[in-house]
Amino acid sequence: MIKPDAIGRRLCGEIVRRYEVKGLKLVGLKLQILRRDLAERQYAEHAGKPFYEDLVAFITSGPTLQMVWEGENAVEVVRKLNGATSCREADVGTIRGDLGLNTQNNLVHASDSKATAAREIALYFDKEDLVEYAMPDGQWLADTGW
Ligand code: CMP
């Protein structure tokens, strides 16, 4: 998910570019301002934490871009591209390390496991919203285990 701060800073293209040029395949895309109930379901695991109310207020404060990216080890790859939660601590070369300064306003969110991805995708997309297609460069990007 691209968060409201990234959209407000006109960073969508830059962020999408990073996932795309890495070799991931975009299969779902949706721009929306999250309703509070959806934001609460997204961040249910953080309910009760000191930053929770600010987080829900922030994430519902403007448009978010929900994306589904497919690829070899996609969960791990996206988390590496995003960098550490705190933009201050995130490595240079990552989205958060290069483009952000804050911990809450950290530009992007990514699922931390396949199970979380399945849960989060279901929050935003119906099955028919996701597009199945082959990329011409798929054979070059396949992980053959070598
Ligand atoms: P995200 O990867 O979307 O997962 C939970 C979000 O809560 C996180 O990114 C930040 O936006 C926010 N967050 C996590 N830890 C803190 C914190 N210590 N202070 C403020 N916001 C936080």
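Atoms within each ligand, like the ligands themselves, are counted from 1 in listed order. Here, residue 1 is the first one in the sequence, and each next residue gets the next number.
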Practice item. Could you tell me whether Glu20 and Arg17 have a side-chain N and a carboxylate O separated by less than 4.0 Å? Key: no
Exercise for review: Output yes when Glu70 and Lys114 qualify as a salt bridge under the 4.0 Å nitrogen-oxygen rule, no when they do not.
Suggested key: no
Do any nitrogen or oxygen atoms of ligand 1 lie under 3.5 Å from a protein nitrogen or oxygen, and which ones?
{"residue": "ligand 1", "atom": "2 (O)", "partner": "Arg96", "partner atom": "NH2", "Å": "3.3"}
{"residue": "ligand 1", "atom": "2 (O)", "partner": "His109", "partner atom": "ND1", "Å": "3.4"}
{"residue": "ligand 1", "atom": "3 (O)", "partner": "Lys3", "partner atom": "NZ", "Å": "2.7"}
{"residue": "ligand 1", "atom": "3 (O)", "partner": "Tyr43", "partner atom": "OH", "Å": "2.6"}
{"residue": "ligand 1", "atom": "3 (O)", "partner": "His109", "partner atom": "ND1", "Å": "2.9"}
{"residue": "ligand 1", "atom": "9 (O)", "partner": "Lys3", "partner atom": "NZ", "Å": "3.0"}
{"residue": "ligand 1", "atom": "9 (O)", "partner": "Asn106", "partner atom": "ND2", "Å": "3.0"}
{"residue": "ligand 1", "atom": "11 (O)", "partner": "Lys3", "partner atom": "NZ", "Å": "3.0"}
{"residue": "ligand 1", "atom": "11 (O)", "partner": "Gln104", "partner atom": "O", "Å": "2.8"}
{"residue": "ligand 1", "atom": "11 (O)", "partner": "Asn106", "partner atom": "OD1", "Å": "3.4"}

Exercise for review: Group every Ile, Leu, Val, Met, Phe, Trp and Tyr by side-chain heavy-atom contacts under 4.5 Å, then state whether Val75 and Phe125 land in the same group.
Suggested key: no
Review point. Which residue pairs satisfy the salt bridge (charged side-chain N to carboxylate O under 4.0 Å, His left out) criterion with at least one member in residues 83-104, sequence neighbours excluded?
Key: Arg18-Asp98
Donor-acceptor list for residues 100-111 side chains, cut-off 3.5 Å, not counting sequence neighbours:
{"residue": "Asn102", "atom": "OD1", "partner": "Gln104", "partner atom": "N", "Å": "3.0"}
{"residue": "Gln104", "atom": "OE1", "partner": "Leu55", "partner atom": "N", "Å": "3.3"}
{"residue": "Asn106", "atom": "OD1", "partner": "Lys3", "partner atom": "NZ", "Å": "2.6"}
{"residue": "Asn106", "atom": "ND2", "partner": "Thr85", "partner atom": "O", "Å": "3.2"}
{"residue": "Asn106", "atom": "ND2", "partner": "Thr103", "partner atom": "O", "Å": "3.3"}
{"residue": "His109", "atom": "NE2", "partner": "Gln42", "partner atom": "NE2", "Å": "3.1"}
{"residue": "His109", "atom": "NE2", "partner": "Glu120", "partner atom": "OE1", "Å": "3.2"}
{"residue": "His109", "atom": "NE2", "partner": "Glu120", "partner atom": "OE2", "Å": "3.1"}
{"residue": "Ser111", "atom": "OG", "partner": "Glu120", "partner atom": "OE1", "Å": "2.7"}

Point to revise | Partner residues of Tyr52 under the ring-ring contact (aromatic ring centres under 6.0 Å, His included) criterion, sequence neighbours left out | key: none
